[in-house]
K.L.:
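The structure's right below; bear with me while I get my questions together.
Throughout, residue positions are numbered sequentially from 1 according to the sequence presented.
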Amino acid sequence: MISEPEYARRDATALAKLVQDGEVSAEELLEAAIARIRRLNPRFNAVVEQLYEAARQDIARGLPEGPFRGVPFLVKDLHTLVRGSRLSHGCQFFSSHVSAEDSAVVSKARSAGLVVMGRTNSPEFGLNTTTEGRFLGASRNPWNEGHSTGGSSGGSAAAVASAMVPMAHATDSGGSIRIPASCCGMIGLKPTRGRVLAGLDEGEGWHDTFNAFGVTRSVRDAARLLDCLKNAGEPAPYYAPGAVVAYEGLLKSVVKPLRIGVLETPPTGADVSRACRDVLARTRGVLDELGHMTEPFKLAYDTAAAADAFLKLIASSVAATTDHYEKESGRTAKPDDFEASVWSALEIGRGLSGGELNAAVARIHLIGGEILRQTGEFDLVLSPTVAAPPLPLSWLDAGEGDIRTFLTKVFAFAPFTSLYNITGQPAISLPLGWSPDGLPIGMQFAAGPGREDLLIRLAGQLEQVCNWNERQIELIDRLGPD
């Protein structure tokens, strides 16, 4: 039998090793995870649906001999099907929807031996950079419960930070893996467009800006999970460039000196807090000491045109998903079923012509090409992940009636992330600093399309010299039990 503290202090790779060696059973890991969720979730509201009995049945039927065999896992409640589970998108209107099958990414997770045991919190339709919604309620940051977890994968990040599970599924259309990873002191990788097939619904997420992966505590878990979830040639609408490599093996390789551009100011000109600028400066100093070459640069493109096109992609996705469910359920969407900002997006999406949507997609791709041209001179680009430490709860209110006004506030907090959804580049948030009052601050690295290998190598190097795992374990121990 494994105790809750022993379970909580280990990453997914270490827990899988215990199962492989016969020291602990998958049933014991599941019960330890359930015990920790039952104790901590009332504080943090990270897990919004319990699939414990289904998980027990999966174990009883026999788990695949995958790299994470027996490790508990949670799936975000947004754009991702889990058989027998509610998919609400964080929205009251979809509360009775139960999925008959798994999305592709969930099937791959199960094939890796992961035990799907619940759903994590998401703001309505993932439109917020904090995980606070009228239907599912607010997730609270384990580092300070009065602050946001970030969004939209805030439930997943809070669950991992508090060691309910060692890693969890997450999605990212404008920063929704990286933002909560930064806010909760975790690792958040957004792979290259097409590297991981999320699975398609009628709205297809946010068109080709939509990505699926996870939030992890260790770099080795992120690398191994990417090996498990990556597309290995299956039919998909997008394919990532570059050879499909064994990412976990890269952590043993030597990290050659890299040329790293440092983006201190976002293209929108949004303010960046002193705390984030200080962590950026310290991170640059560490990189220089490691032999990398850092230099500041500025990125310029038509941010107003990008924001307008991005809004149309978001709005059309909300409309497509809602319209499909109306036909499937026989229900008619009403304003009271949605938060005001989401209803505003739905109305815009339903009012778009095919020509307008086509022009928006073309504009996003053209802007993406311009960003790639400007960042292409560097191996990596470094920036803060977000512009400030985790916000106090209720700072961002999705009850705002105009989605344009609301998104202006959302992207003022997260001005660095969505540009890599536009380009399809891989990007990762690493827990490289803390604010003066002890809140996590992540730094974001982005590589060229298909170059997750560079991100994983550098992340592994920084993990060794920066020792963020010590801070994570301190938090886990503080959360008990004693």
K.L.:
So, the side chain of Gln444 versus the backbone of Phe416: is there a donor-acceptor pair under 3.5 Å, distance only?
P.N.:
yes
K.L.:
Under 6.0 Å from the CZ atom of Arg284, do we count more than 12 heavy atoms belonging to anything else shown?
P.N.:
yes
K.L.:
What is the minimum heavy-atom distance between Ala300 and Gln374, and which atoms define it?
P.N.:
O-NE2, 2.6 Å
K.L.:
Can you tell which of Arg195, Arg178, Lys190, Arg193 makes a salt bridge (Lys or Arg N to Asp or Glu O under 4.0 Å) with Asp172?
P.N.:
Arg178
K.L.:
I'd like to know if the side chain of Asn141 and the backbone of Cys183 have a donor-acceptor N/O pair within less than 3.5 Å.
P.N.:
yes
K.L.:
Is it true that atom CG of Asp302 has more than 12 heavy atoms of other residues, nucleotides or ligands lying nearer than 6.0 Å?
P.N.:
yes
K.L.:
Step by step, work out the side-chain hydrogen bond (donor to acceptor under 3.5 Å, both in side chains) result for Asp379 and His292.
P.N.:
CA-CA 10 Å; Asp379 297 311; His292 302 295; over 6 Å; no
K.L.:
Classify the ring geometry of Phe125 against His89: parallel below 30°, tilted from 30° to 60°, perpendicular beyond 60°.
P.N.:
parallel
K.L.:
For the pair Ser153 (side chain) and Ser156 (backbone), establish whether a donor and an acceptor sit closer than 3.5 Å, ignoring hydrogens and angles.
P.N.:
no
K.L.:
Determine, stepwise, if the pair Ser139 / Thr149 fulfils side-chain hydrogen bond (donor to acceptor under 3.5 Å, both in side chains).
P.N.:
CA-CA 6 Å; Ser139 285; Thr149 59; 4.7 Å; no
K.L.:
Taking the side chain from Lys230 and the backbone from Val245, do they hold a donor-acceptor pair closer than 3.5 Å?
P.N.:
yes
K.L.:
Measure centre to centre between the rings of Phe378 and Phe297, then say whether the value is under 6.0 Å.
P.N.:
yes
K.L.:
Quick check: are there more than 12 heavy atoms from other residues, nucleotides or ligands sitting under 6.0 Å from CH2 of Trp434?
P.N.:
yes
K.L.:
Verify the neighbour count for atom CZ of Arg259: are there more than 12 heavy atoms of other residues, nucleotides or ligands below 6.0 Å?
P.N.:
yes
